[in-house]
Amino acid sequence: MTERYNPAEVEKKWQAKWEADGLYQTTDDDRHKFYFLTMLPYTSGDIHVGHWYAMAPADTAARYRRMRGLNVFFPIGFDAFGLPAENAAIRQGIHPHKWTYDNIDRMRRQIRSIGTMFDWTSETISSDPEYYRWNQWFFLKFLEKGLAYRALAPANWCPSCQTVLANEQVLPDGTCERCHTSVTQRDLEQWFLRITNYADELLDLSGIDWPERIATMQRNWIGRSEGVEITFGLDIPGVDQKELRVFTTREDTIFGVTFMVLAPEHPLVPLITTPDRRAEVDAYVDQARRQTEIERLSTERQKTGVFTGAYCKNLLSGRDVPIWIADYALLWYGTGAVMGVPAHDQRDFEFAQQFQIPVRVVIAPPDWDGEPLEQAYLDPGVMVNSDRFDGLPNDEGKEAIADYVESEGWGKRTVSYRIRDWLISRQRYWGTPIPIIHCPECGAVPVPEDQLPVLLPEDAEFKPTGESPLATHERFVNTTCPRCDGPARRETDTMDTFMDSNWYFIRYLSPHYDAAPVDPERAEKWLPVDQYTGGAEHAVMHLLYARFFWKVARDLGVVRGDEPFLRLFNQGQIMGPDGQRMSKSRGNVVAPDEYVARYGADTFRCYLMFIGPWDEGGPFGIEGIAGIWRWLNRVWGLVLNQPSFGQAPAEAVRDLRRLTHQTIRKATADMERFRFNTLLAALMELTNGLLRHRDAGPVDRDAWSEGVQSLLLMLAPVAPHVSEELWARSGRPYSVHTQAWPAWDDDLAREDEITLVVQVNGKLRDRIQAPADIDEERATELALASERVRQFTKGKQVAKIIYVPGKLVNLVVK
RNA sequence: GCCGGGGUGGCGAAAUGGGUAAACGCGACGGACUUAAAAUCCGUUGUCCCGAAAGGGAUUUGUGGGUUCGAUCCCCACCCCCGGCACCA
């Protein structure tokens, strides 16, 4: 009676041994380095199926690369600052620090139970002073380089989180990314990082192997558009400003301008509005300000707006243009002003229709005979009604007008971006303090580097008030100015937690190094990251910020190279059995613990990889897990209950070896593509094949041993514990995880016999076993000789014979 | 509306330089073991039709067309699901 497979025992035993041996501690040696990174988890409390789905396949891929002879660095850490800690603290009366570090203890244990090869010696926790100290250091460097600045600006305010949000943290429906409350606007003094300085460089994703989808999302987010800033004349008594600038990408339509639109918040609005229009304008501005983003961004809605009573002058045509305000003009984009060309812009067209503003065609549609347009004409055409530019194709006209405007000094070619600078101030407690001291004499003074870190005080009252909780902490706030020694106050805002995830993977290399953010030697050896895996939900936040941050770190000489993550793979999202996102409130969360306790981590890991392609994710049903459990038990029995060895038929030996080598070939290809589902299917087939041979009679000892050994080696990355146990029990030397990935032999993998398919008019009529190297003549002969085929060719003429080597013969009959 | 990804058995899914559709599993059904159940093992299993059976035939990859000797794969039109973007001048 063989001992049964007891996963709990096996897993506990090997996890302890691996740890005691430091089996997964990365060493500096002369193997080629490979930095494999999985996104670090937020310290939310428990490791759930989503974490397993991110970590287990990543671990498998990392282990595979290690077996391929690479020196793999596979670190882990915790994204530990952030609002949930604070909210939980307020709700439960626990300090955010305690909540966070208790969670980390629990999560560490749970992550270990997965059986990953994480190198825990490099663990990094973003709320540790030894980590956030360098956030502060980077902030000071950004400041020195003019890449950090403070400005009074309208900011996205979440009334529930009681803090401002970055644009990226506001969802398309105008709600907060965290709590889905409608975001409002507030004017506040805020710290910004100048990500726009790097917009063009960030737009270039050509040097990295990323999913096209993510690259496209980043490009759309940055939203570069080339155009011209054009000046319109302004001559209003009592208004100093004598020009109004607009940004346009359609300078070729400049002669078609029949109105001007300013954003309601535009600073000129109160100055230029004529007394008779003032009441109406004020009412409109007021209403626009009160609107939520959701209402304002609705494209379905009819255009609204009001006339200010003022006019500006189109310098090219000399015409006076009425100035309106409308909420479809956005203050932050371009210059906050739009030139209205209803004939050639659909939005302007709708606006003009709404308010009976004339439509002036300046690009003639083909066969146009002067009749009014039914909608804006956007396609190319010949310019008309455009004075000296008449008759030019509009693409040439574009250049000509841009040249003319520049030569007259009425404007210049320019580039506009959708992306705005990154707002990093947060009015909350649990984050990195911004290292600034406000002095009444000297202004905003950076904290000297040697005084870092500015420690987050433990004993703050952290109830949200709309102001940072640090503001009421007297000991924290009151300090002296580093410049003049006078009394001064500390900045009380903390940093957006996306600052933390910007560079954690750099810190992993030397988490306790205290002379710089990273030990230069370690950075030189290990960076950049060779393979990054994580969810696609970070496409325009973390993944864009981190690229920006890296480029600045490069310019600071901290790292080398232009990109932090050479290859990116996005795993899919695992959802509840109901197809909805897993959440406690929906009650559709599948807790791994129950299944891990019953079947073990190996089974659970394998099951997650087996349910489908890793990049697809999808609803998670647990039903099939028994199949994996049975399979691992079959493998167990296979290794422990050996067949009777002896003289096996040559054909059987050949078959077994062929299966082994075909499986290695398939498994290797699947590992390279992260196709774990088909990889596991192949390993199951090898298992079933071995069992078939065992039950069929005497088995060749060498062929058997080769098959079992290969199976265990290929099993090692997917099911690290049971493979180690079986490797040991079959008398092989510790550890299976330091072995080389098996190699296949093409000759052994080759089929000598094929199933020749015979079709008549494309329909399958017979299958004939034939040698793999059969030639056309012989194949055709066999096909025509088939009794079954003859039934379908009888009385008909064979008009054509198609032969596909190694596959089929198709007889075309009439 | 625009840009991606997808739609294949009862279920999760395989297979696309056009060539045996449904590998590998789950579930279901039948059987073995058992006093019994669980566990395990063996067999069957896309659908429909003919047949007592052996077997045979038709049909099937969201829908409708097209190209081809042959289409899950290529082309056109449409429907549905998921993700992203959406008044960006």
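Order of the sequence lines sets the chain letters (A, B, ...), proteins ahead of strands, with each chain counted from 1.
Here A/Tyr417 pairs with nothing under the ring-ring contact (aromatic ring centres under 6.0 Å, His included) rule; sequence neighbours left out. Every residue meeting the side-chain hydrogen bond (donor to acceptor under 3.5 Å, both in side chains) condition with A/Thr231, not counting sequence neighbours, appears here in chain and number order: A/Arg245.
Taking the side chain as every heavy atom from C-beta outward, A/Leu784 and A/Val758 never approach each other to under 4.5 Å. In this structure the side chain of A/Val415 reaches within 4.5 angstrom of the side chain of A/Arg224, judged on heavy atoms. The shortest distance between side-chain heavy atoms of A/Asp766 and A/Leu756 does not fall below 4.5 Å.
For the pair A/Arg418 and A/Ala337, nearest-nucleotide mapping onto RNA chain B gives the more 5' position to A/Arg418. Residues A/Val804 and A/Ile628 both approach RNA chain B. Their nearest nucleotides, taken by heavy-atom distance, put A/Val804 toward the 5′ side.
No hydrogens or angles considered: a donor-acceptor pair under 3.5 Å links the side chains of A/Asn688 and A/Arg634. Side chains of A/Thr308 and A/Trp324: a donor-acceptor N/O pair is absent below 3.5 angstrom, by distance only.
Across all strands shown, nothing is found opposite B/G70 as a Watson-Crick or G-U wobble partner with both distances under 3.5 Å. Remark: B/U61 base-pairs with no nucleotide; criterion is Watson-Crick or G-U wobble with both hydrogen-bond distances under 3.5 Å. Shown here, B/U16 forms no base pair; nothing in the strands shown gives a Watson-Crick or G-U wobble contact with both key distances under 3.5 Å. Using Watson-Crick or G-U wobble geometry with both donor-acceptor distances under 3.5 Å, B/C41 finds its partner in B/G31. Remark: B/G83 base-pairs with B/C3; criterion is Watson-Crick or G-U wobble with both hydrogen-bond distances under 3.5 Å.
For the pair A/Glu350 CD and B/A89 P, the interatomic distance rounds to 16 Å; values are reported in whole Å. The interatomic distance linking A/Ile625 (CD1) with B/G27 (C1') rounds to 16 Å, in whole Å. When the P atom of B/G84 is taken as reference, atom CG of A/Leu544 falls 17 Å away, rounded to whole Å. In this entry the distance linking CG of A/Leu659 with C1' of B/C24 reads 13 Å, nearest Å. Between the C1' atom of B/G25 and the CG atom of A/Leu608 lies a distance of 15 Å, rounded to the nearest Å. The interatomic distance linking A/Phe259 (CZ) with B/C87 (C1') rounds to 12 Å, in whole Å. Per the geometry, CG belonging to A/Leu764 stands 14 Å off P belonging to B/U60, to the nearest Å.
Glycosidic conformation at B/G9 (O4'-C1'-N9-C4 for purines, O4'-C1'-N1-C2 for pyrimidines): syn, within 90° of 0.
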Quiz prompt | Pair A/Phe259-A/Phe351, ring-ring contact (aromatic ring centres under 6.0 Å, His included): steps then yes or no | solution = CA-CA 10 Å; A/Phe259 60 96; A/Phe351 190 80; 5.2 Å; yes
Quiz item: Taking it one step at a time, do A/Asn633 and A/Arg4 satisfy side-chain hydrogen bond (donor to acceptor under 3.5 Å, both in side chains)?
Solution: CA-CA 8 Å; A/Asn633 276 283; A/Arg4 287 185 52 182; 5.8 Å; no
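Between A/Trp410 and A/Phe232, the gap from one ring centroid to the other reaches at least 6.0 Å. Centroid-to-centroid, the aromatic rings of A/Phe569 and A/Trp614 come within less than 6.0 Å.
B/A23 and B/U8: their P atoms are spaced 16 Å apart (whole Å). The gap from the P atom of B/G43 to that of B/C80 amounts to 45 Å, rounded to the nearest Å. Atom P of B/C82 sits at a distance of 32 Å from the matching atom of B/G25, rounded to the whole Å. For B/A39 and B/U34, the C1' atoms lie 11 Å apart once the distance is rounded to whole Å. Rounded to whole Å, the separation between the P atoms of B/A52 and B/C42 comes to 33 Å. Atom P of B/A86 sits at a distance of 47 Å from the matching atom of B/A28, rounded to the whole Å. When the P atom is used for both B/A38 and B/U44, the distance is 22 Å, rounded to whole Å. To the nearest whole angstrom, the two C1' atoms, one in B/A22 and one in B/A14, are 7 Å apart.
No engagement by A/Trp631 is indicated, since no non-hydrogen atom pair under 4.0 Å with the nucleic acid exists. Residue contacts for A/Arg765: at a heavy-atom cut-off of 4.0 Å it reaches the sugar-phosphate backbone alone, with no base atom in range. Residue contacts shown for A/Tyr803 are absent, as no nucleic acid heavy atom lies under 4.0 Å away. Here A/Ser225 lies in heavy-atom contact (under 4.0 Å) with sugar-phosphate atoms only.
Remark: A/Lys303 qualifies as a cation-pi partner of A/Tyr328 under the 6.0 Å distance and 45° angle criteria applied to the six-membered ring.
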Quiz item: Could you write nucleotides 1-18 of chain B as a row of B, S and -, 5' to 3', where a protein heavy atom under 4.0 Å of any base atom gives B, of only sugar-phosphate atoms gives S, and otherwise -?
Solution: ---S-------BSSS---
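Here A/Arg788 reaches the OP1 or OP2 of B/G56: one of its side-chain N or O atoms lies under 4.0 Å away.
Here CG of A/Asp252 is found 8.5 Å from OG of A/Ser386. Values are rounded to the nearest 0.5 Å.
Proximity of a side-chain donor or acceptor of A/Arg694 to a complementary backbone N or O of A/Gln642 within less than 3.5 Å is not detected.
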Give me, pair by pair, the N or O atoms of the protein and of nucleotides 65-71 of chain B that are less than 3.5 Å apart, along with how far apart they are.
residue: B/C69; atom: O2; partner: A/Asn810; partner atom: ND2; Å: 2.3

List every contact pair, protein side and nucleotides 40-43 of chain B side both N or O, where the distance is under 3.5 Å.
residue: B/U40; atom: OP1; partner: A/Arg630; partner atom: NE; Å: 3.4

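Proximity of residues 683-692 of chain A to RNA chain B (heavy atom under 4.0 angstrom from any strand atom) is restricted to A/Met684, A/Glu685, A/Asn688.
The only option from A/Phe610, A/Tyr599, A/Trp52 that meets the ring pair (Phe, Tyr, Trp, His ring centres under 6.0 Å) definition with A/Phe604 turns out to be A/Trp52.
Contact check on A/Arg658 versus A/Asp752 returns a salt bridge, with a Lys/Arg side-chain nitrogen under 4.0 Å from an Asp/Glu carboxylate oxygen.
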